[in-house]
Amino acid sequence: MHLHYSSMERPPLEPERLQASLVAPAGPLARLDVVAETGSTNTDLADSARLVPSEYPDLSVLTAELQTAGRGRLGRSWQAPERSSLFVSVLLRPVNPAGRPLPTQSYGWLSLLAALSLTKSVAARTGVEPRLKWPNDVLVDGRKLAGVLAQLVPESSGNPPAVVVGTGLNVSLTDEDQPVPTATSLLMEYASTTDRNILLQDYLLQLAGDYRVFCAVDGNALAAWPGGGSLRDLVAARMTTLGQHVRAELPGGGELTGRAVDLDAHGGLVVVDAETGERQTVTAADVVHLRPAQA
C-alpha cells in the first residue's frame, strides 16, 4: 500500500478539550501539558518531576506534537513527522489505597501495564487488534505500531523513586514515513479513526483505570483483577512472545536461545534453554535484542 498524507490532514491536539475531560475534578489526571515540540517527553517530564516534585503529582502527563530526540530501549531513536503520532509520558508515584508506596520490585510491570492499556484502548476504539511483544513493543501482524519505555525518577527526599512511562504510537504514518520497514501505523492498518485527541483520551483513561487496579492490589501482578484473571494473565493473553522460540542477545555478546514459556512475578521473561532444558529468566535490562529463533 502506498499512502500520501499532508500536514493539513493531521489536525493538532486540542489542549483545552483534553484538559477539560481528563484533568481532575472531571477526570483522573493531576495535570496534562501539551507542547508543540520537545526533544523527549520522557526526559522533560522526568526532569520536571525531579526539580519541582510538588508541582508534578501522580498521574501528571506531558504530550507533544513533535518529538525530535525520542529514545527507546538502549538509546534507540524514535522520530516521526509532526502530528503523525502520539508522544505521551505519564508520571507515576504508585501507592496502595492505604498510602504506602508499592514495592519497587513491582515497577517492572509498569511498562507492560501501559502497553496492555494501549492495546485495549486501540482495539476498542479503532478495530485494530494489537498484540504485545516482550518487553515493550506493541505489534500488528508482527509490525511495530507502538513502543513503551519506563524510566525511574530518583527522589532526593528519600522516598521511593517515581516512574515516567512514555508511549510512542504511530497514528498516521505512511509507508514513506516509516522509520523501518517493519513499522506500521493505525492509518496503514485501516483504523476506524486516526483522531489523536480521541486516541489520547481513550488511552489515558484506560491507563489510569488499570493503574488504579494495579495500585489497589499493591502491585501484585498475580492478584486477581475485577472481571477475572491477574495482570500477568491479561498481559500473557495478548503477548505473541509466549510460546515462541526466541533468541535473546545479552550484554557482552552472550546469547540465550529457547522457548519463551511464561512471565515471572516481576515481569521477566522465562525461557527454557534449548541446550540445557533449564528455565532461565531474563529482564528487560538483561536483553539487547529479543528475536524469533528457529526451533
Colleague: Ion pair present between R50 and E155, side-chain N to carboxylate O less than 4.0 angstrom?
Modeller: no
Colleague: Go through T68 and E37 one step at a time and tell me if the side chain to side chain contact (heavy atoms under 4.5 Å, CB included) criterion holds.
Modeller: CA-CA 8 Å; T68 59; E37 181 178 333; 3.4 Å; yes
Colleague: With no hydrogens and no angle check, is any side-chain donor or acceptor of R143 less than 3.5 Å from a backbone partner on A183?
Modeller: no
Colleague: So if I apply the side chain to side chain contact (heavy atoms under 4.5 Å, CB included) rule between L132 and each of T241, L242, V235, which one comes out positive?
Modeller: V235
Colleague: Between K133 (side chain) and L290 (backbone), is there a donor-acceptor pair under 3.5 Å?
Modeller: yes
Colleague: Rounded to the nearest 0.5 Å, how far does CG of L51 lie from OG of S54?
Modeller: 11.0 Å
Colleague: Begin from the C-alpha positions of Y203 and S117 and carry the test side chain to side chain donor-acceptor pair (under 3.5 Å) through to its verdict.
Modeller: CA-CA 7 Å; Y203 167 57; S117 300; over 6 Å; no
Colleague: Does any donor atom in the side chain of D44 or T41 lie under 3.5 Å from an acceptor atom in the other side chain?
Modeller: no
Colleague: Judged by atom type as modelled, is there a donor-acceptor pair below 3.5 Å linking the side chain of W109 to the main-chain atoms of L231?
Modeller: no
Colleague: Return yes if some donor-acceptor pair links the side-chain N/O of R196 with the main-chain N/O of R83 below 3.5 Å, else return no.
Modeller: yes
Colleague: Run through E16, E14, Q201 and flag the one making a side-chain hydrogen bond (donor to acceptor under 3.5 Å, both in side chains) with S21.
Modeller: Q201
Colleague: Hey, is the main chain of L173 close enough, under 3.5 Å, to the side chain of N170 for a donor-acceptor pair?
Modeller: no
Colleague: Kindly indicate whether the side chain of L112, heavy atoms from C-beta on, has any atom under 4.5 Å from the side chain of M239.
Modeller: yes
Colleague: Does R125 use its side chain to pair, donor to acceptor, with the backbone of T193 at less than 3.5 Å?
Modeller: no
Colleague: Do L207 and W225 belong together in a cluster built from hydrophobic side chains that touch within less than 4.5 Å?
Modeller: yes
Colleague: Nearest 0.5 angstrom please: Q19 CD to R17 CZ, how far?
Modeller: 12.5 Å
Colleague: What's the spacing between Y107 OH and L92 CG if we round to 0.5 Å?
Modeller: 9.0 Å
Colleague: Measuring from R31:CZ to S48:OG, what's the distance to the nearest 0.5 Å?
Modeller: 7.5 Å
Colleague: Could you check if a side-chain atom of V282 sits within less than 4.5 angstrom of a side-chain atom of W134, using non-hydrogen atoms only?
Modeller: yes
Colleague: Under 3.5 Å, is there a donor-acceptor pair between the side chain of N42 and the main chain of L149?
Modeller: yes
Colleague: Would you give the length of the straight line joining atom OG of S172 to atom CG of L187, rounded to the nearest 0.5 angstrom?
Modeller: 6.5 Å
Colleague: Would you say S89's side chain and L45's backbone share a donor-acceptor pair under 3.5 angstrom?
Modeller: no
Colleague: State, yes or no, whether a side-chain contact exists between L139 and L145 at a heavy-atom distance under 4.5 Å.
Modeller: no
Colleague: Is a side-chain donor or acceptor of T184 paired with a backbone partner of K144 at a separation under 3.5 angstrom?
Modeller: no
Colleague: Got a donor-acceptor contact below 3.5 angstrom from the T126 side chain to the A123 backbone?
Modeller: no
